[in-house]
Every structure is written in structure tokens, then in C-alpha cells.
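See structure below.
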Amino acid sequence: MLPVTSPSEFQWLQRGTQEIFPHVPDSHDPNEQLIARLQQCDRPLRIKLGIDPTGSDLHLGHSIPFRKLRAFQDAGHTAVVIIGDFTAQIGDPTGKSEVRRQLTPEQVKLNAQTYLDQLRPILDFDTPGRLEIRYNSEWLGQLDLKEILELLATMTVGQMLAKEGFAERYKKENPIYLHEFMYPLMQGYDSVAVQADVELGGTDQKFNLLVGRDLQRQFGQAPQFCLLLPLLLGFDGVNKMSKSLNNYVGLTEDALTMYSKLEKTPDALLRSYFELLTNTPLDQLPDDPRTAQKQLALDVVGQYHSPAAAQEAQTAAQALVQGNQASGDAVPEFSLATVEFPVKVFYLLSVTGLCKSSGEGRRQIQGGAVRLEGDRITDVNLEFATPQDLDGKVLQMGKKKFIRLVP
RNA sequence: GGGUCGAUGCCCGAGUGGUUAAUGGGGGCGGACUGUAAAUCCGCUGGCUACGCCUACGUUGGUUCAAAUCCAACUCGGCCCA
């Protein structure tokens with residue numbers, strides 16, 4: 001037997017990890033203990049992480065398992081990223097209270113590519129042997145009805161209904177379609193197809209990852225380890241980060257947007273954000289929450305842009321907040337060339353995109369949110385006769401939105 | 001296949017013939033306060049360059065001076081029976 005490495009060597013594995021199973025802490029059997037397996041393996045392990053190309057934008061919540069995947073890569077293992085191009089057409093029912101719409105193959109393909117681009121800052125794409133990208137249509141598209149029935153025969157309706165999402169929907173008398181039952185089975189079959197040693201996933205994926213183990217056993221393979229990662233809370237501090245709740249930080253957002261969102265991280269979330277989104281040692285976090293917020297924002301923005309860009313974003317954010325809009329090369333410009341004069345201010349708010357509609361513009365003026373060159377506008381029907389009256393002036397909506405009017 | 005109930009604004013959810021974009025909550029946006037936050041308080045929350053005009057309560061027709069509210073068919077869904 002190989003000499004036992006000190007557990008501290010596996011801190012990268014434990015950091016931000018919610019649960020690993022199977023996990024028999026006292027065991028030295030590498031099939032029951034991931035650390036034992038990692039110590040004793042004589043080849044790079046195959047670490048599976050699947051992603052459904054259902055939307056085109058990833059956010060920091062998605063980055064959590066990928067960061068863990070990167071840690072495995074750095075430890076010398078092989079990341080197997082599975083693009084669920086086939087499963088995306090079904091839609092993962094996990095955590096959904098309703099059916100997802102099905103995507104066309106074209107949409108799926110497009111989404112897959114943008115996903116990979118967004119993952120570039122996180123994963124090691126360059127070191128040979130560290131990354132494998134597979135599309136699950138490769139094997140799922142080949143299954144015939146007989147094989148599908150065999151897969152279906154491994155699970156009971158009771159087992160499926162025990163799954164959180166289904167149980168809820170069933171209880172609420174919401175529709176559950178039969179094809180949705182295929183989803184966990186297909187994801188599990190992915191593990192068989194790529195011969196995964198370990199699969200990563202969010203805690204909401206527990207059921208699906210377990211199915212992988214069952215199916216691997218069914219197909220005569222050693223069942224994979226499953227490593228569950230916590231779901232990142234969004235910056236509202238209550239719900240998990242998600243696009244639909246609009247509490248997310250997108251991976252492709254520009255440095256300034258990203259920075260301004262992150263520097264507002266609720267105090268209660270700071271520690272977990274540091275743990276999950278950075279490599280900062282947790283015993284070295286600043287005591288002052290405001291300092292910590294800034295450090296966090298700087299670190300994360302630096303990862304997805306560059307440290308220099310992060311620094312710039314910090315300066316810009318500071319200027320913006322101090323109402324120092326005059327310092328603005330950062331202030332976007334809007335040309336009045338296409339606007340017909342005389343023009344009312346609420347209409348202007350709408351065409352510049354500062355407000356969603358002219359009605360909203362009107363309401364925002366009444367609410368005291370609109371300023372021109374720093375002076376609050378109070379007259380809803382205020383209008384300007386000629387472009388010269390507005391030339392070069394800065395129109396402001398709320399605290400954060402500015403636009404400079406140019407000819 | 002039969003029976004039965006349901007479909008309301010971003011979401012949930014009142015309203016069941018008659019001023020009025022339609023109670024309330026959530027969310028969102030804005031204002032005050034502040035640490036750029038949280039908590040709290042206040043305002044707004046269909047569209048239109050607007051003292052007015054449109055479009056809205058699953059779809060399409062109908063009854064009526066008048067309908068989200070009544071009727072019919074249709075679409076989608078829940079439950080029960082087969």
C-alpha cells in the first residue's frame with residue numbers, strides 16, 4: 001500500500017465541498033473513500049461534469065463546480081465536460097415547478113459553443129490530457145427502444161416520485177410528463193458512457209448523480225464518487241443565484257457591472273463567496289465588511305477579466321457612486337440626430353433606454369429620479385425646443401444610469 | 001373515452017354584469033436613510049411625445065345599452081372513473 005499522504009494535501013478537495021459519497025471516513029478502501037482513491041490511483045481519474053446548454057449565459061453559480069473541476073485538473077486528473085446537447089432537448093426537471101420548453105438542435109449547438117467560451121477563464125484548456133469535451137447526443141442518440149426500455153426498467157415510479165421536484169409537482173397537482181422521467185436516467189447513462197470515476201454537481205443534483213452510480217453498477221462498472229457542491233446564493237442573500245431571479249453575476253458581464261454587483265455582496269454571504277469563488281485563504285479575510293466586499297469584487301473580476309481591468313472597474317465604480325459623473329468617459333453617449341424637436345423629457349428617457357417606456361419615464365420624473373446636469377427635473381411635461389438646449393448635457397435616471405446627449 | 005373543476009397583469013392571487021387598467025401580497029424600479037449594503041419609511045409598477053387615445057382578465061364567436069364577470073365552441077391543464 002502507498003504511504004498515506006497527509007490530509008492537508010487535500011484541502012483543495014474539501015474547500016467549499018458540501019458532501020462526498022460514498023464516504024466512510026475510517027475506511028482505507030479506495031472505493032469507499034475518495035481521498036484514499038486519489039492517493040492510490042495509478043492513472044488520472046476521469047472527473048465528469050455535465051452542463052445543459054439551455055441558455056446562453058453562465059453566471060457565478062455555474063462556476064462553482066467548474067472551479068472544483070479545475071482543482072482536479074491541477075491535481076493531474078482529467079476533466080470530462082459533458083455538453084448535454086441531447087438532454088437539453090428534454091429539460092432537467094430539477095428544481096423546476098414546471099416543464100421546461102424543449103430546444104431546437106440549432107439553439108443547443110449555439111449555446112454549447114458560447115458556454116465553452118465562457119468557461120475559458122476557469123478551466124485548463126491547454127495542458128494536454130486534462131480536458132475532454134463530449135456531447136451526449138454521441139451515445140444517447142444511438143439508443144434504440146429496447147435499450148431505452150432497459151434503462152427505464154432500472155427505476156420505479158416510486159423512486160422517481162421521491163425526487164424533490166417531482167414530489168412537489170405531483171403534490172401540487174402540476175403536470176409531470178413521462179419523458180421527464182428519462183432525464184435522470186440519461187444523465188446517469190452519461191456516466192456509463194464516459195466511464196466516470198467522479199461526478200461533480202450541485203446539491204440539487206444528488207438524485208441524478210446517484211442514478212449514475214446505479215447504472216454504472218448495472219453495466220458492470222465501478223460506481224463513481226459523487227461530489228456535491230453548495231448552490232451559490234444570489235446577491236439578494238436569500239435565493240440561489242439564478243437568471244430568472246435577477247440576482248446573478250454573469251461570467252461575461254463587463255468588469256464594471258460585475259464589480260458593482262460584487263461590491264454589494266451582503267455581509268452574511270461574504271465568507272461563502274470567498275470560499276467558493278476565490279482561492280483566498282479563509283483565515284486571511286479582512287475584518288471590515290466593506291474592505292472585504294471590495295477585495296472580493298477585485299479578486300473575482302480579476303479572474304474573468306484581468307487584475308488591471310478589475311482595478312479600473314474599482315476606480316470607475318467609486319467615481320460613479322460619488323455622483324462624479326463629469327469624470328465620465330465612462331458615460332455613454334446618445335445622439336439626438338434622430339430625435340424630433342420639440343422633445344419631452346419623458347420621451348427622451350424612453351428613446352435613450354434609460355427607462356423601458358415613456359410611461360415609466362413619466363413616472364420616474366414624478367418620483368424625483370431624473371436629473372439633467374445634476375438638477376432634479378420636477379415638471380413631467382418639461383420639453384425642449386431645440387437640440388442646442390440639450391447638447392452635451394448629462395441626463396441621469398436614478399443613481400446609476402447616465403447618458404450624455406450629443407448632437 | 002366519461003365526469004368534474006380550473007385558466008386574471010412579471011409571479012401568486014381577489015373580483016363573479018355597470019365609475020376607474022382591475023383589491024391584496026411578492027418581486028422590480030425610484031426617493032429618504034446608510035457602509036455603494038442590510039433593516040426601516042415613502043412613492044411608482046399596461047402602452048402611446050398624453051389634460052386625450054389605444055390594448056388588456058386562455059382563444060373565437062354570441063347575449064346585452066353594458067361583460068374579466070352570462071352562454072357556446074375550441075385550446076391547455078388538475079382531479080376522479082374507465
Side-chain angles (χ1 to χ4, degrees), chain A residues 96-99 101 166 168-178 180 233-249 256-271 273 286-298 301 313-325 327 330 336 338-371 375-387 389-390 395-402 405:
Chain A
K96 301 290 163 195
S97 47
E98 54 191 69
V99 206
R101 68 174 199 287
F166 288 141
E168 247 169 63
R169 284 165 59 186
Y170 193 66
K171 201 181 295 172
K172 279 186 169 170
E173 307 190 338
N174 287 332
I176 300 173
Y177 290 87
L178 284 176
E180 297 183 66
L233 290 180
F235 53 65
D236 60 4
V238 182
N239 298 296
K240 76 171 184 178
M241 185 173 281
S242 88
K243 200 168 180 179
S244 50
L245 291 172
N246 197 23
N247 60 358
Y248 71 101
V249 181
L256 180 56
T257 309
M258 223 180 203
Y259 185 93
S260 351
K261 286 183 180 177
L262 284 166
E263 71 165 352
K264 286 196 287 201
T265 305
D267 296 357
L269 260 49
L270 272 172
R271 195 180 163 80
Y273 270 36
D287 291 328
D288 172 43
R290 189 78 193 110
T291 314
Q293 285 174 320
K294 287 182 180 175
Q295 187 180 315
L296 175 77
L298 218 48
V301 176
Q314 183 170 62
T315 315
Q318 221 131 25
L320 203 63
V321 159
Q322 286 160 6
N324 201 358
Q325 87 266 34
S327 74
L336 295 169
T338 58
V339 178
E340 273 184 48
F341 281 82
V343 67
K344 302 208 166 156
V345 177
F346 67 77
Y347 175 72
L348 209 48
L349 286 165
S350 165
V351 284
T352 53
L354 252 27
C355 290
K356 276 185 236 129
S357 66
S358 60
E360 183 184 327
R362 177 179 269 274
R363 282 179 239 120
Q364 292 294 11
I365 294 172
Q366 284 166 339
V370 180
R371 290 164 186 266
D375 296 327
R376 177 167 292 170
I377 293 175
T378 48
D379 177 8
V380 183
N381 288 309
L382 182 65
E383 67 175 20
F384 292 91
T386 66
D389 296 334
L390 292 168
L395 188 61
Q396 174 183 358
M397 153 60 215
K399 287 174 192 161
K400 285 171 281 187
K401 296 185 188 168
F402 302 90
L405 302 169

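All heavy atoms count here, side chains included; hydrogens, waters and symmetry mates do not. Proteins get letters first, then strands, A, B, ... in listed order; numbering begins at 1 in each. Note that the structure is predicted; figures quoted are calculated from it, not measured.
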Which residue, A:E340 or A:Q366, contacts RNA chain B at a nucleotide closer to its 5' end, judged by nearest heavy atom? A:Q366
How do A:Y259 and A:R362 order along RNA chain B: which one's closest nucleotide is nearer the 5' end? A:Y259
Which nucleotide, in any strand shown, forms a Watson-Crick or G-U wobble pair with [N], with both distances under 3.5 Å?
{"N": "B:G1", "value": "B:C81"}
{"N": "B:G61", "value": "B:C71"}
{"N": "B:A37", "value": "none"}
{"N": "B:U20", "value": "none"}
{"N": "B:C29", "value": "B:G43"}

Is it the case that the side chain of [X] and the backbone of [Y] share a donor-acceptor pair, with hydrogens and angles ignored and the cut-off at 3.5 Å?
{"X": "A:E180", "Y": "A:Y177", "value": "yes"}
{"X": "A:K261", "Y": "A:Y248", "value": "yes"}
{"X": "A:R371", "Y": "A:Q396", "value": "no"}
{"X": "A:S357", "Y": "A:E360", "value": "yes"}
{"X": "A:N247", "Y": "A:S242", "value": "yes"}
{"X": "A:Y273", "Y": "A:Q293", "value": "no"}

Sticking with atom [atom1], work out how far [N] lies from [M], rounded to a whole angstrom.
{"N": "B:C65", "M": "B:U60", "atom1": "P", "result": "23 Å"}
{"N": "B:G3", "M": "B:G46", "atom1": "P", "result": "42 Å"}
{"N": "B:U4", "M": "B:A72", "atom1": "P", "result": "12 Å"}
{"N": "B:U20", "M": "B:G26", "atom1": "C1'", "result": "25 Å"}
{"N": "B:G52", "M": "B:A21", "atom1": "C1'", "result": "16 Å"}
{"N": "B:C71", "M": "B:G78", "atom1": "P", "result": "24 Å"}
{"N": "B:G24", "M": "B:U8", "atom1": "C1'", "result": "14 Å"}
{"N": "B:G47", "M": "B:G1", "atom1": "C1'", "result": "46 Å"}

Identified side-chain contact (heavy atoms from CB on, under 4.5 Å) partner of A:L336 from the options A:V351, A:L348, A:V343: A:L348
Nearest-angstrom distance from the residue atom [atom1] of [X] to [atom2] of [N]:
{"X": "A:L269", "N": "B:A37", "atom1": "CG", "atom2": "P", "result": "16 Å"}
{"X": "A:L270", "N": "B:A37", "atom1": "CG", "atom2": "P", "result": "15 Å"}
{"X": "A:Y170", "N": "B:G77", "atom1": "OH", "atom2": "C1'", "result": "15 Å"}
{"X": "A:Q318", "N": "B:A37", "atom1": "CD", "atom2": "P", "result": "14 Å"}
{"X": "A:L354", "N": "B:G30", "atom1": "CG", "atom2": "P", "result": "11 Å"}
{"X": "A:L233", "N": "B:A37", "atom1": "CG", "atom2": "P", "result": "20 Å"}
{"X": "A:I176", "N": "B:G78", "atom1": "CD1", "atom2": "P", "result": "9 Å"}
{"X": "A:E360", "N": "B:U49", "atom1": "CD", "atom2": "P", "result": "14 Å"}

Between [N] and [X], is there an OP1 or OP2 to side-chain N/O distance shorter than 4.0 Å?
{"X": "A:S357", "N": "B:C48", "result": "yes"}
{"X": "A:R363", "N": "B:A50", "result": "no"}
{"X": "A:R376", "N": "B:A32", "result": "yes"}
{"X": "A:Y177", "N": "B:G77", "result": "yes"}

Look at the side chain of A:K399 and decide which nucleotide, out of B:A32, B:U49, B:G35, has an atom nearest to it. B:A32
When you measure from the side chain of A:Q364, which nucleotide among B:C48, B:A50, B:G30 comes out closest? B:G30
With sugar-phosphate meaning primed atoms plus P, OP1 and OP2, does [X] contact a base, only sugar-phosphate, or nothing at under 4.0 Å between heavy atoms?
{"X": "A:Q293", "result": "base"}
{"X": "A:G398", "result": "sugar-phosphate"}
{"X": "A:K261", "result": "nothing"}

Any A:L349 side-chain heavy atom under 4.5 Å of A:V370 side chain: yes
Test for a donor-acceptor pair under 3.5 Å between the base of B:G35 and the side chain of A:D267, counting only N and O atoms. yes
Could you tell me whether the side chain of A:T265 has a donor or acceptor atom within less than 3.5 Å of a complementary atom in the base of B:A37? no
Syn or anti for B:A66 (syn when the glycosidic angle lies within 90° of 0): anti
